[in-house]
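Per chain, numbering begins at 1; letters A, B, ... match sequence-line order. On a predicted model such as this, the values are computed, not experimentally measured, just so you know.
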Number of protein chains: 2
Amino acid sequence: MTGSTTPRADRVSYVSANEVAERAGVSRSAVSRTFSGAGSVAPATRRKVLKAAEELGYHANLLARGLVGEPSRIVCLIAADVGQPYHSAMIDKVTRQLQLHGKVAMMINTAGDDDSVSQALRQSLHFRAEASVVLSGSPPAKLVQSCLSNGQRVVLVNRDDDAEGAERIRIDNATACREALALLRRAGCKRLACVSSQARTSSMTTRESAFAAAAAEIGVEIDVVRVGPTSYDTGQEAARVLLGRSNPPDGVFCVTDLLAFGFIDAARTIFGVEIPRDLCVIGFDDVPQARWSGYELTTFRQPMDEMVARIAEILTSDTSGSDSAFEALPVWRKTVRMG
Amino acid sequence: MTGSTTPRADRVSYVSANEVAERAGVSRSAVSRTFSGAGSVAPATRRKVLKAAEELGYHANLLARGLVGEPSRIVCLIAADVGQPYHSAMIDKVTRQLQLHGKVAMMINTAGDDDSVSQALRQSLHFRAEASVVLSGSPPAKLVQSCLSNGQRVVLVNRDDDAEGAERIRIDNATACREALALLRRAGCKRLACVSSQARTSSMTTRESAFAAAAAEIGVEIDVVRVGPTSYDTGQEAARVLLGRSNPPDGVFCVTDLLAFGFIDAARTIFGVEIPRDLCVIGFDDVPQARWSGYELTTFRQPMDEMVARIAEILTSDTSGSDSAFEALPVWRKTVRMG
DNA sequence: TTGTAAGCGTTATCAA
DNA sequence: TTGATAACGCTTACAA
């Protein structure tokens, strides 16, 4: 790295409504009224105020506005693994949707463990956020209560929590996973396996157990491998483990697209298997890469737009303890033979 | 979607330092001192305050604190295309780094056009952010001035701007792109092309022109194709155009990894070319997918950790108009033949 | 339609 | 070490 700097100009403080008022020759309240939209103000005064504000470079202080009791317009977004496709897609949509509703996202990047989620929720409280949207980790019920009792909205996305009074948004993993099994069976797969993650989030565990349960019902036994976190590398490692066996599976359900990509790549590169001829693979989430022609992954699509729309709805409505479930729909691409 | 809700409990307002003081039997100032860390407070008082705060569920109001002149701890992050690998990786690192320094990111998702960047910067002003970090779009110099003159830091990441007084972080695209050309030549490529994007951001244009200039210097002519935005699909379309010609290129520089992925997939799927035997491809950014074994893309790595560290340094230092350039280093993988 | 004045939850200053 | 008191920038009765 190369660089250059020059000494910094002195910090100047923001211009206040008072100064604008003075310059415009009106009262502070007139300024307030022009910018907040409440109350009435004569067109002439309004013009004077606007002119003065422009000249002075005035920007209303939302912090102060929030202090008086107005909603802060801040919504806290609590997420981990922001770099991963699923999370970043979600964040993209949520932030946009919030802005559409005149709110702004305060993003807190947690490590995913419950302690940092607690910290995040505390930040949310400190900044008097109107709401907290939890995309990762599972916050302690007590802290959620604290947010709730302070008038915050708390939206839990795909988390399994006992937090009373929080709003829940989740996709119906169980149904989708049963369907995954059916898809593989219909494709004629005999030896089934499930590639999961060591991360014990509710999505991971319910997907894996629903798949296993569905298999048990029809009397077939499946392997479940968990060799690392929810990542591409873990998918690869799982392929090494499963396909290295004397009796490798011919149908694999990966609880996440990312795992599936790793699995597919290792299967092709290391074991030379052809997909879907020798091996069928199903993923989950339908991240953008799933449609790349290097994969064309058959997977399940989370109706993200609808979920995000529902979040916005919750934030602007007046209910509590709502519970919305969304269906994940299969996206047929090319990693499973047609039945 | 299915759902259920119950009517919502009444909004209760936050507990204030006053209430804590009352319950603890001390003054408001004692409470302030306990939580702000400034001034001295007797251990016994401190205990009483902490106890009362705990019982009441007190959370210091950072909005009010910011009002008195304390830094707001808010840093505005202005980005577009948050779902794309490069951007999300950056956001992941920046948010984490900010939190390490006790700050919090307010994320503004812009459409990338200058008007929404202006809006974003205005938000930043409204919330009295300590700084704005611009990852997308190019803000009007005048607005940057406004931020600056209000005591904000403005950090421009990989943007080409005339904004006086802002801090600049950029990678040296030109050098890397000359090297990309050298790599392809050394691999024996004769017919060279550059796949770029219709997005005219400074990164896109300088990468493309530096590559072209380097080629011109040694007297070789190159094709430049721009058939869409910076996306996977555009990469595919570029492959259709370039490889469909009677005299297709055998060495291609894609100004972005995402373009390269699309290009590679289309080259393999549609034209059946083998990489790197028939065709060498180079990308730029080294996003996580570049190391996936389906691609193993030779590309240039932006030293993101160092760039982000530099951002943090800027936010906590006291200079203005600094300009830091970082080198992008080649990452040899398998889409270019060894020379 | 306008201005005056009170109040929001902090921190900083100053006396005690 | 403590507690009053005065800001900070805004909104909102209430009065003019």
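Between L125(A) atom CG and dT10(C) atom C1' the separation is 16 Å, expressed in whole Å. The nearest whole Å value for the distance from the OH atom in Y14(B) to the C1' atom in dG7(C) is 19 Å. Distance R128(B) CZ to dG9(D) C1': 8 Å, rounded to the nearest Å. Separating the NE2 atom of H126(B) from the C1' atom of dG9(D) is a distance of 14 Å, rounded to the nearest angstrom. Counting to the nearest Å, the P atom of dG9(D) and the CD atom of E70(A) are 18 Å from each other. The CG-P distance, from N18(A) to dT11(D), rounds to 12 Å in whole Å. Summarising the geometry, the separation between CZ on F35(A) and C1' on dG9(D) is reported as 13 Å, rounded to the nearest angstrom. Remark: C1' of dG9(C) and CZ of F127(A) are 15 Å apart, rounded to the nearest angstrom.
Remark: the S29(B) side chain and the dA4(D) base include a donor-acceptor N/O pair separated by less than 3.5 Å. With hydrogens and angles ignored, no donor-acceptor pair closer than 3.5 Å exists between the side chain of S36(B) and the base of dT10(C).
Applying the salt bridge (charged side-chain N to carboxylate O under 4.0 Å, His left out) test to K48(A) and every residue at least two apart in sequence or in another chain returns nothing. The side chain to side chain contact (heavy atoms under 4.5 Å, CB included) check on A42(B) picks up T45(B), with sequence neighbours excluded. Residues forming a ring pair (Phe, Tyr, Trp, His ring centres under 6.0 Å) with Y86(B) (at least two apart in sequence, or on another chain): none.
Counting any heavy atom pair closer than 4.0 Å across all strands shown, Y58(A) reaches sugar-phosphate atoms only and no base atom. Looking at heavy-atom distances under 4.0 Å, V26(A) makes contact with sugar-phosphate atoms alone, never a base.
Using a 4.5 Å heavy-atom cutoff, the side chains of I74(A) and M106(B) are in contact. You'll find the side chain of R168(B) stays beyond 4.5 Å of the side chain of S322(B), heavy atoms only.
Rounded to the nearest 0.5 Å, atoms CG (N18(A)) and OH (Y58(A)) are 9.5 Å apart. Here the CZ atom belonging to R122(A) is positioned 5.5 Å from the CG atom belonging to L143(A), to the nearest 0.5 angstrom. Taking OG of S136(B) as the reference point, atom CG of N109(B) lies at 8.5 Å (rounded to 0.5 Å).
Comparing dA6(C), dT11(C), dT1(D) by their closest approach to the side chain of R28(B) singles out dT11(C). The side chain of S16(B) approaches dT10(C) more closely than any other nucleotide in the set dT10(C), dG3(D), dT2(D).
One finds no side-chain N or O of S32(B) lying less than 4.0 angstrom from the OP1 or OP2 phosphate oxygen of dT10(C).
Within residues 59-69 of chain A, the residues that have a heavy atom under 4.0 Å from DNA chain D are, in order of number, A60(A), N61(A), A64(A), R65(A), L67(A), V68(A).
At its two ends the helix from dT1(C)-dA16(D) to dA16(C)-dT1(D) runs along axes set 40° apart, each axis drawn from five pairs and the angle rounded to 10°.
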Shorter than 3.5 Å, N or O on both sides, protein versus nucleotides 14-16 of chain C: list them out with atom names.
none

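A donor and an acceptor atom, one from each side chain of S132(B) and S124(B), are located under 3.5 Å apart. No hydrogens or angles considered: a donor-acceptor pair under 3.5 Å links the side chains of S29(A) and S27(A).
For the pair R310(A) and F326(A), the cation does not sit on the ring face, since its NZ or CZ is not both under 6.0 Å from the ring centre and inside 45° of the axis.
The closest donor-acceptor contact from the side chain of T316(A) to the backbone of A312(A) lies under 3.5 Å.
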